[in-house]
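Side chains included, hydrogens not; waters and symmetry mates left out as well; all remaining heavy atoms used. All figures in this text were calculated on a predicted structure; none of them were measured in a lab. Chain naming here is simple, since letters A, B, ... match the order of the sequence lines and numbering starts at 1 in each.
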Number of protein chains: 2
Amino acid sequence: MGVRAQQKEKTRRALVDAAFNQLSAERSFSSLSLREVAREAGIAPTSFYRHFKDMNELGLTMVDEGGLTLRQMMRKGRQRAEAGGSVIRISVDTFIEVLESNPNVFRILLHERSGTSAAFRAAVEREIEHFISELAHYTEAQANRTPELARAQAEALVILVFNAGASALDLKRSERKALADQLVLQLRMVATGAEALQQKMDNRT
Amino acid sequence: MGVRAQQKEKTRRALVDAAFNQLSAERSFSSLSLREVAREAGIAPTSFYRHFKDMNELGLTMVDEGGLTLRQMMRKGRQRAEAGGSVIRISVDTFIEVLESNPNVFRILLHERSGTSAAFRAAVEREIEHFISELAHYTEAQANRTPELARAQAEALVILVFNAGASALDLKRSERKALADQLVLQLRMVATGAEALQQKMDNRT
DNA sequence: AAGTTGAGCGTACATTTGTACGCTAATTTA
DNA sequence: TAAATTAGCGTACAAATGTACGCTCAACTT
């Protein structure tokens with residue numbers, strides 16, 4: 001890669017990072033202005049356009065990138081689970097850790113999921129869908145579920161986890177422990193219930 | 001109430017209604033400007049302040065009012081369920097109807113739940129909490145659950161329902177049917193799972 | 001009847017925003 | 001080496017926003 005392309009990439013990163021850094025509990029992506037992001041990245045407002053068509057394009061980039069980061073981290077955590085122990089417990093703990101080290105990635109996904117732009121909502125849904133289908137395949141193989149049931153189960157699990165994540169963002173570290181415990185209980189409910197429904201169906205035939 | 005107070009109340013309503021009417025899939029509350037709302041309500045921008053300290057105060061009013069509306073409608077629907085039939089199925093159908101006739105009430109709750117203002121998030125959480133505790137009490141009595149388990153179950157149910165609601169807002173009527181079916185399945189999972197966990201606990205003693 | 005209150009208005013202003021346009025200077029290409 | 005490309009900048013402008021201020025006049029109070 002030439003010197004020029006390298007520098008361009010660097011500036012682009014600066015923009016993405018600037019945007020991520022400006023996110024907080026009080027500041028959503030859609031409340032950021034192009035000028036603010038450019039200012040934080042240390043470039044002139046008009047230079048922004050050399051990298052993104054508009055703020056929307058930057059936001060979609062962030063969603064994609066964020067979703068990828070999250071999935072990579074969760075996958076790493078899953079390897080821990082293979083060493084033995086409760087899959088649910090370990091996954092929840094991993095999730096909380098991921099959440100704590102990437103709160104802003106999480107925030108943009110959560111907020112734009114119910115956001116004002118169809119493109120954003122679709123992008124977030126796509127990321128969540130990745131989680132769901134990974135999990136559904138896992139469960140289908142592991143627990144011998146009907147595809148339909150596996151899908152419904154996986155979706156329920158992911159939704160509960162994400163929602164707990166949203167709550168966790170507003171909690172102190174000490175309160176997060178209780179939240180995690182309650183989440184584990186709920187996930188067990190779903191898993192147990194899915195198992196029971198599956199057996200009922202199997203016995204019918 | 002005097003003529004004067006009556007007129008004031010009327011204008012206040014016009015403001016609240018104007019704000020609700022401007023909400024849509026493409027327009028969130030936080031993207032509304034004070035001037036837009038005033039314009040739609042047919043008053044001068046500066047007159048807005050005779051009714052609300054700022055847009056924040058208007059928004060909180062809308063959340064409270066919206067939550068109340070939703071709960072009243074769901075309660076009415078529950079009476080239908082008492083006539084017999086699956087509680088879950090009837091509740092889900094009621095919910096979809098409520099959603100369809102009040103999409104904007106729903107939108108503001110969903111969006112501000114992950115919003116940028118702590119006051120908003122707290123207000124929405126309060127409304128959701130109402131749903132959860134109503135349901136938890138119902139389950140505790142009906143199905144003889146531990147308070148802890150009843151709470152976890154109720155929370156899981158409400159979260160799944162709200163999330164399905166968020167998805168439903170983006171769907172055509174025909175696709176909503178499938179969504180409702182999947183939701184029913186998930187709710188049954190939780191209910192069945194909770195029952196199984198409860199029995200396991202009971203047998204331990 | 002006289003005085004007070006307050007809802008609604010119009011004017012005004014400082015800020016912030018997105019973006020069009022044309023320039024510069026360094027890198028890349030030929 | 002000469003020509004072409006392009007990242008980044010500065011200037012400029014129209015549009016929109018929140019809100020301060022002071023006025024009016026109908027409704028209420030005394």
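Applying side chain to side chain donor-acceptor pair (under 3.5 Å) to A:Arg145 and the options A:Gln198, A:Glu140, A:Gln153 leaves one that passes, A:Gln153.
Here the side chain of A:Val3 is nearest to one of C:dT19, C:dT27, D:dC9, namely C:dT27. Of the candidate nucleotides D:dC9, C:dG8, D:dA7, C:dG8 has the atom lying nearest to any side-chain atom of B:Thr11. You'll find that the side chain of A:Arg50 is closest to D:dG8, out of C:dT5, C:dT19, D:dG8. In this structure, the nucleotide among C:dT17, C:dT28, C:dC21 sitting nearest to the side chain of A:Arg4 is C:dT28. For B:Ser47, counting side-chain heavy atoms from C-beta on, the closest listed nucleotide (D:dA12, C:dC9, D:dT19) is C:dC9. Listed nucleotides: C:dG8, C:dG18, D:dT17. Nearest to the side chain of A:Ser33: C:dG18.
In summary, B:Glu125 and B:Arg121 do not engage in a salt bridge, as defined by a charged side-chain N under 4.0 Å from a carboxylate O. Ion pairing between a basic and an acidic side chain is recognised when a charged N comes within 4.0 Å of a carboxylate O; B:Arg126 and B:Glu112 show no such pairing.
Rounded to whole Å, the distance from NE2 on B:His51 to P on C:dG6 is 13 Å. Atom CG in B:Asn56 sits roughly 12 Å away from atom P in D:dG18 (whole-Å rounding). Protein atom CZ of B:Phe52 is 13 Å distant from nucleotide atom P of C:dA7, rounded to whole Å. Put simply, CD on A:Gln7 is 10 Å from P on D:dC9, counting in whole angstrom units. Summarising the geometry, the separation between CZ on A:Arg35 and P on D:dA12 is reported as 14 Å, rounded to the nearest angstrom. We find that CG of A:Leu34 is positioned 13 Å from P of D:dC9, with the value rounded to whole Å. The distance from atom CD of A:Gln6 to atom C1' of C:dT28 is 14 Å, rounded to the nearest whole Å. Note: CG (A:Asp54) to P (C:dA20) measures 11 Å, nearest angstrom.
Ring centers of B:Phe95 and B:Phe106: under 6.0 Å apart, within the cut-off.
Of the possible donor and acceptor atoms, one in the side chain of B:Glu175 sits under 3.5 Å from a partner among the backbone N and O of B:Lys172.
In terms of position along DNA chain D, the nucleotide closest to B:Met55 lies nearer the 5' end than the nucleotide closest to the other residue of the pair B:Ala5 and B:Met55.
Within the nucleic acid shown, A:Arg12 has no heavy atom closer than 4.0 Å to any nucleic acid atom.
Contact check, A:Thr46 against C:dT19: no side-chain N or O comes under 4.0 Å of OP1 or OP2.
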